[in-house]
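Proteins come first, then strands; the chains are lettered A, B, ... in the order of their sequence lines, and each starts at number 1. Because the structure is a prediction, the values reported are computed rather than measured. We use all heavy atoms of the structure for the numbers below, so side chains are in, but hydrogens, waters and symmetry mates are not.
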Amino acid sequence: MRFKLKIWRQSGPNVSGGFKEYEVDGVIPEMSFLEMLDHLNEQLVKRNEEPVAFDSDCREGICGTCGLVINGMAHGSRHECTTCELRMRQYRDGATITVEPWRARAFPIIKDLVVDRSAFDRIIQKGGFISTNAGSAPDANAILISKDVQEEAMDAAACIGCGACVAACPNASASLFVSAKIAHLGLLPQGQPERDSRALGMIQQMDAEGFGNCSNHGECEAVCPKGISILNITRMRRDYMGAARRVNPRKSGE
Amino acid sequence: MSVSRYLASTVVRKFIAGLTGVLLILYLILHLAGNLTLFAGPDIFNWYAGKLESFGALLWVVEIALALVFVFHAIIGVQVFLGKRRARPNGYAVSASRGEPSRQTLSSRSMIITGIVLAVFIPVHVWMFKFRPTPSIMVGSHEVRDLYALVITAFKQPLIAWSYVLVMGLLGFHLRHGFWSAFQSMGALNPRLLPLFYSLGVVVAILLAGGFLVLPLWLLYGVQAPGM
Amino acid sequence: MKIDTSITLDANAPSGPIDQKWDKYRSQGKLVNPANKRKYTIIVVGTGLAGGAAAASLAELGYNVLSFCIQDTPRRAHSVAAQGGINAAKNYQNDGDSVWRLFVDTVKGGDFRSREANVYRLSQLSVNIIDQCVSQGVPFAREYGGTLSNRSFGGAQVSRTFYARGQTGQQLLLGCYSALMRQTGAGRVKIFPRREMLDVVVVDGKARGITCRNLVTGEVESYAGDAVVLATGGYSTVFFLSTNAVNSNATAVWRCYKKGALFANPCFTQIHPTCVPLQGETQSKLTLMSESLRNDGRVWVPKEKGDKRPAHQIPEGERDYFLERMYPAFGNLVPRDIASRASKRMCDSGHGVGPTGYAVYLDFADAVKRLGKDVVRDRYGNLFQMYHEIMADDPYERPMQIYPAPHYTMGGLWVDYGLQSTIPGLHVLGEANFSDHGSNRLGASALMQGLADGYFVIPYAIGNYLATSEVLKTKVTTDHPAFKESVASVAAGTKKLLSIKGKKTVRDFHWRLGRVMWDDVGMSRSQDSLTRAIEQIRALRAEFWEDVNVVGGGDFNKELEFAGRVADYLELGELLATDALTRNESCGGHFREEYQYPDGEAMRDDDNFAHVAAWKFNGDGQEPSLVREPLVFEHVKPTKRSYK
Ligand SMILES: Cc1cc2nc3c(=O)[nH]c(=O)nc-3n(C[C@H](O)[C@H](O)[C@H](O)COP(=O)(O)OP(=O)(O)OC[C@H]3O[C@@H](n4cnc5c(N)ncnc54)[C@H](O)[C@@H]3O)c2cc1C
Ligand code: HEM
Ligand code: HEM
Ligand code: SF4
Ligand code: F3S
Ligand code: FES
């Protein structure tokens with residue numbers, strides 16, 4: 001197979017970038033999208049041109065490192081599929097494919113298709129955990145959790161932190177990511193003691209990072225490789241409103 | 001946590017957008033019910049308008065509240081829009097929706113446009129039907145404004161009638177996304193309700209926009225103006 | 001080969017009965033005064049289960065922690081990819097499990113090449129791990145009554161594996177990550193993502209810091225501390241194609257080896273039986289299909305050689321369920337080394353399926369019939385989906401095609417009972433060390449080991465080290481000449497790679513090295529193949545330094561990152577082959593063709609090889625020397641491993 005690629009090239013964080021066109025030949029249908037880019041890079045290196053920078057690691061859809069906007073869609077056009085899992089058989093031989101990085105103010109571009117998603121870490125630092133020190137836990141079966149609740153929590157916990165939801169959201173909102181963590185921990189009995197502070201802390205940080213507000217477009221759910229539902233967003237709002245009502249201004253130290 | 005920080009959060013803003021949106025919808029439902037009395041002819045319509053006015057001060061309170069709701073709603077809508085521009089200063093060269101289960105539609109994307117049209121429309125509309133000097137007529141022993149005549153004269157002008165039709169269409173668009181979105185924003189949905197409200201959005205949009213829309217058309221093409 | 005007897009490797013395990021060693025270690029180890037803890041800085045490299053758990057737990061104790069990883073965030077360490085589950089001797093199923101049984105299974109599974117004391121401790125701690133993870137909110141699978149659910153894994157006859165769908169590693173890692181983020185938010189951990197450790201700094205014989213490259217700016221940075229904890233994962237990507245992530249590497253451990261840490265059992269590598277077969281030269285990795293699939297999937301090949309009929313046209317009577325046939329007691333659940341080799345034998349003898357003939361079937365037809373599609377989907381849904389994406393084929397309808405692939409490395413830096421390497425102050429955790437799995441790791445035991453090391457062992461071990469080593473009295477900063485020297489040598493290394501400007505790509509070298517390793521140092525090895533491999537690797541290494549082309553600058557440059565890793569692999573590959581050549585026996589994942597029983601099973605030689613082979617670096621171009629740590633089996637008597 002043969003493709004024409006229009007790829008965003010940008011040499012560093014604070015410089016302007018632009019599209020560059022490349023032809024790749026000798027692509028086989030079994031190749032993943034990233035292997036196709038590897039293949040292109042091999043050819044570029046042989047021509048002494050700088051290869052296209054992009055991030056990836058596990059190459060099996062679980063680490064959340066990869067992520068490209070392909071023909072206007074985050075992670076490409078396949079349902080519940082990351083960029084690294086996407087195969088070239090999805091594309092018509094000879095097609096032109098446009099490849100762009102995640103675009104959001106909170107995800108500044110580092111180089112070419114590589115972006116900085118550390119905003120997600122800072123959000124988790126503000127409450128995306130259950131405070132339990134190693135060694136202090138009771139027996140695992142001392143807490144009974146119904147299968148349904150556990151399954152629901154697992155659905156939300158499946159988030160790989162890739163940021164496709166932000167990339168695809170017309171508002172560049174991080175609501176799906178944040179709500180998935182709030183739902184995962186908020187559904188479980190272990191997560192109850194910190195449920196309020198978690199919702200308040202994480203959402204405040206999300207706002208501070210410069211993500212957009214959520215207009216309920218639901219595009220995030222459609223591109224999410226783990227199919228995280230926007231029901232988590234409505235739940236997160238419920239949690240936040242409840243928490244904000246309950247919160248004691250004196251105790252929160254303000 | 002300080003109240004201002006709490007209010008400034010995106011979640012609270014959207015909650016308010018949703019709540020004000022629902023209140024506006026409720027108002028529209030009442031307003032439509034009232035307007036439909038136009039079909040029953042001048043007496044009933046004017047009686048209804050008169051009845052409303054007889055609430056006096058209470059009506060004023062309600063109207064001011066409504067105005068506030070409207071302003072709040074509009075401010076937040078504009079803020080969300082500006083925030084979105086800020087959150088993605090450099091847009092995509094190509095962008096496309098992945099389709100199902102995305103709820104991104106023409107309607108959801110054009111909220112700001114349909115909203116602004118409504119923002120322009122409503123003051124004009126209110127001026128037209130409420131604050132403009134209106135001839136009065138007697139209903140029984142009361143003197144009331146002859147709203148019926150006012151409305152019908154207005155809609156006999158095709159330009160006005162068709163502008164209304166257009167705005168009502170856009171209102172329908174605003175509601176197609178707005179209706180279910182409001183509940184999602186207020187944290188009211190669950191796995192059963194979400195699909196239900198999403199579908200109901202179409203029904204609400206068609207009923208409300210359609211309801212308002214037939215009036216100008218009916219008045220323009222169907223009814224003889226009094227005294228003409 | 002030089003044998004160095006001047007060094008004695010002492011495991012430093014406490015004396016006494018095996019079930020009391022760990023308690024003794026904990027109660028007799030030296031402690032650091034709580035008020036003093038924040039005066040110590042611990043450098044933790046790696047944020048996988050081992051490193052993440054270590055960094056978080058040490059910070060919880062009050063130490064000041066610096067945490068490094070290659071990825072853009074700690075949450076993406078390769079532990080995230082583990083699918084199947086984690087073992088623990090909870091005996092929730094009442095099926096006869098115990099700490100003792102897990103211990104015996106692990107020692108036997110490792111084919112009697114691990115240290116009993118370590119394995120016993122691992123079994124003991126397995127129980128606490130599950131408690132810890134549940135309290136963090138890890139959503140392990142549960143029964144309708146709300147209790148935890150278990151599945152079976154290879155090499156065990158009890159059900160002791162805890163799992164979270166097919167994403168166990170991800171969920172466990174997110175647990176670690178959340179604990180780490182909590183400490184980062186509290187200011188006790190400082191995280192340094194996108195940093196690659198390229199050197200350990202040793203001052204007065206003690207590990208006092210690291211030098212790394214900032215992968216964004218390209219700057220060479222160094223950090224000083226009072227102890228270094230290394231948890232940088234395994235080196236399976238020496239084979240190029242493996243189930244590991246594309247950034248997995250041996251660079252950190254290799255540079256420590258070159259600074260004096262001994263490298264133990266490099267030839268103990270694990271080839272996992274159930275992976276998606278190779279599809280072409282441009283492939284970048286192989287995808288694992290979790291071992292848990294062998295719970296319900298049946299492995300078979302056509303009885304007829306070269307039978308090219310599609311699977312469904314081959315009648316039941318013409319199928320050879322070879323694992324069930326050869327190992328009736330364990331059937332499809334034999335340990336990995338056994339299953340892999342059996343599959344290879346079937347394919348080598350012409351029974352393989354698929355376009356290349358190098359694949360066997362893993363069939364779920366029976367399971368779907370017995371349990372229904374929904375139950376099967378519930379258990380393996382995401383794996384089936386993954387398979388479907390890659391192969392464009394539906395495992396609910398047609399059997400999967402699978403073939404073995406490099407997966408895990410039991411070898412690693414030598415450590416004592418307290419996880420300390422031969423460089424004082426350098427502790428090594430998780431897959432990066434050699435400790436607990438002998439010559440073959442049982443499924444669901446790596447996650448267990450990583451977390452045991454990180455949450456429960458290192459907090460005590462570090463305290464003991466700090467309290468006895470008096471590092472506080474000799475605080476060093478990065479102004480120390482050793483740091484300056486380290487930075488200069490790392491910078492020079494980078495510059496050298498960039499200046500070669502040859503003709504061949506980095507990937508080309510890695511691919512070719514991988515082919516040599518897979519063909520000659522892979523699932524089965526012989527004196528011939530190993531000697532040949534060593535020659536080829538040397539030639540390839542020479543060619544690399546002459547003819548590699550690293551395009552781009554010294555800043556953000558993935559080619560440069562890979563080049564450094566491949567350069568190290570070109571050295572490690574040779575050590576791996578040398579170790580394999582020296583170990584004249586077959587055991588676990590190490591199979592020497594010369595040493596096998598007539599039925600093809602591995603022939604161990606306990607008289608001559610019941611030891612850890614630890615290698616000492618003697619300088620570039622010099623032969624490394626071998627140091628042996630004898631292994632003593634007091635509780636599980638070595639027998640021929642039989643799963644029949
Ligand atoms: C596909 C797959 C499935 C598996 N399934 C299972 C399973 O079901 N059950 C089980 O028990 N085990 C399983 N394993 C094995 C297990 O996942 C790993 O052995 C274990 O997670 C290793 O953890 P770790 O913390 O030692 O290292 P890793 O998780 O590999 O972490 C390594 C860390 O070190 C960092 N690092 C590496 N080099 C450097 C450097 N030079 N400088 C700075 N940082 C560096 C990385 O960034 C990363 O943070 C599986 C492995 C794979 C590959
Ligand atoms: C009668 C008039 C109006 C009605 C009934 C109405 C109704 C609604 C409803 C129900 C929503 C959904 C709220 C949510 O998602 O939480 C909404 C959203 C919105 N409205 Fe209105 N609205 C009206 C007027 C306006 C006006 C005047 C503007 C002003 C510019 C406006 C701008 C918006 C915008 C931009 C949104 C989207 C908010 C977002 O993206 O989150 N609307 N509207
Ligand atoms: C065909 C459609 C419509 C007709 C015939 C109509 C008619 C009227 C009339 C007659 C009044 C004056 C009532 C009075 O003075 O007591 C009025 C007021 C008003 N209308 Fe409409 N209207 C229509 C559509 C709309 C729509 C779509 C909106 C909003 C989006 C709207 C919002 C308002 C508001 C806010 C007032 C002022 C209410 C008050 O002050 O009490 N109208 N309308
Ligand atoms: S919610 Fe989905 S799209 Fe967003 S970060 Fe998580 S996995 Fe990626
Ligand atoms: S697409 Fe964006 S607007 Fe909300 S529902 Fe998803 S975050
Ligand atoms: S590279 Fe890990 S999800 Fe794509």
Contact origin within E219(A) toward chain B - heavy atom pairs under 4.5 Å = both
Less than 4.5 Å to any heavy atom of chain A: does that hold for the side chain of [X], its backbone, both, or neither?
| X | answer |
| --- | --- |
| Y92(B) | both |
| Q184(B) | both |
| A188(B) | backbone |
| P101(B) | both |
| L189(B) | both |
| F81(B) | neither |

Measuring from atom [atom1] of [X] to atom [atom2] of [Y], what distance do you get when rounded to the nearest 0.5 angstrom?
| X | Y | atom1 | atom2 | answer |
| --- | --- | --- | --- | --- |
| R103(B) | T105(B) | CZ | OG1 | 11.0 Å |
| I233(A) | F177(A) | CD1 | CZ | 12.5 Å |
| Q104(B) | E221(A) | CD | CD | 13.0 Å |

Which of the residues L82(B), L193(B), V80(B) is involved in the greatest number of heavy-atom pairs with chain A at under 4.5 angstrom?
-> V80(B)
Counting heavy-atom pairs under 4.5 angstrom with chain A, the leader among R13(B), H177(B), R85(B), Q79(B) is H177(B)
Pairwise side-chain contact, F54(A) with T83(A), heavy-atom cut-off 4.5 Å (strictly under) | no
May I ask you to list the residues in [range] that approach chain B closer than 4.5 angstrom, counting heavy atoms only, ordered by number?
| range | result |
| --- | --- |
| residues 102-111 of chain A | W102(A), R103(A), A104(A), R105(A) |
| residues 118-127 of chain A | none |
| residues 72-82 of chain A | G72(A), M73(A), A74(A), H75(A), G76(A), S77(A), R78(A), H79(A), E80(A) |

Flag yes if more than 12 heavy atoms outside F55(B) fall under 6.0 Å of its CZ atom; otherwise flag no.
-> no
After noting the C-alpha distance and the side-chain angles of D155(A) and S229(A), does the key distance pass the side chain to side chain donor-acceptor pair (under 3.5 Å) rule?
-> CA-CA 9 Å; D155(A) 284 341; S229(A) 160; over 6 Å; no
Those residues at least two apart in sequence (or on a different chain) that pass side-chain hydrogen bond (donor to acceptor under 3.5 Å, both in side chains) with R235(A) are E152(A)
Measure from the ring center of Y164(B) to the ring center of F121(B) and say whether it is less than 6.0 Å.
-> yes
